[in-house]
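Just so we're clear, the structure is a prediction, and the values are computed from it rather than from any experiment. Side chains included, hydrogens not; waters and symmetry mates left out as well; all remaining heavy atoms used.
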Amino acid sequence: MIHRLHEVHVEIGTPSGAVFRGFSKAVTIKARKQAIIEFGRNWVNYVSLSDHAELIVQEGTGCRQFLLKNAMARLDKKKLSVLAETVTSRPGATKPRKA
């Protein structure tokens, strides 16, 4: 399943600490095995749990890719919070993909 979010504050962390914090023009989340819980209230849009996921954060003219293991993501208004058992960041920036 693929989700695209635009203009959000992103926080990615593990139990040992923060991995990334910043504002993103666009975020793409790709996950295969995923459970999504949607809420009807305005203050939380969804909570997602996945075994393995890929998160692409667009910042400036490039992108950063994060590989997540056993992750939980929460979208609260314009803030995306991700907590994962492990987070691997691919080195170097890539060009943004067109939607």
Spacing of [X] atom [atom1] and [Y] atom [atom2] [to the nearest 0.5 Å]:
X   : Y   : atom1 : atom2 : answer
H9  : S24 : NE2   : OG    : 11.0 Å
N70 : L83 : CG    : CG    : 10.5 Å
C63 : Q58 : SG    : CD    : 5.0 Å
R64 : E59 : CZ    : CD    : 5.5 Å

Side chains of residues 14-22: which donor-acceptor pairs under 3.5 Å do they make with residues two or more places apart or in other chains?
residue, atom, partner, partner atom, Å
T14, OG1, S16, N, 3.3
T14, OG1, S16, OG, 3.0
T14, OG1, G17, O, 3.4

Among all residues two or more places apart in sequence or in another chain, which pass the side-chain hydrogen bond (donor to acceptor under 3.5 Å, both in side chains) test with T88? none
Are the side chain of S89 and the backbone N or O of F66 linked by a donor-acceptor pair below 3.5 Å? no
The test is side-chain contact (heavy atoms from CB on, under 4.5 Å); show your working for L67 and V87 and say whether it passes. CA-CA 6 Å; L67 303 177; V87 177; over 6 Å; no
Transitive ILVMFWY side-chain link V8 to V82, under 4.5 Å: yes
Sorted by chain and number, sequence neighbours left out, salt bridge (charged side-chain N to carboxylate O under 4.0 Å, His left out) with K69 holds for none
Among residues at least two apart in sequence or on other chains, which ones pass salt bridge (charged side-chain N to carboxylate O under 4.0 Å, His left out) with E85? none
Under-4.0 Å salt bridge between E11 and K79: yes
Is any side-chain heavy atom of L55 closer than 4.5 Å to one of L80? yes
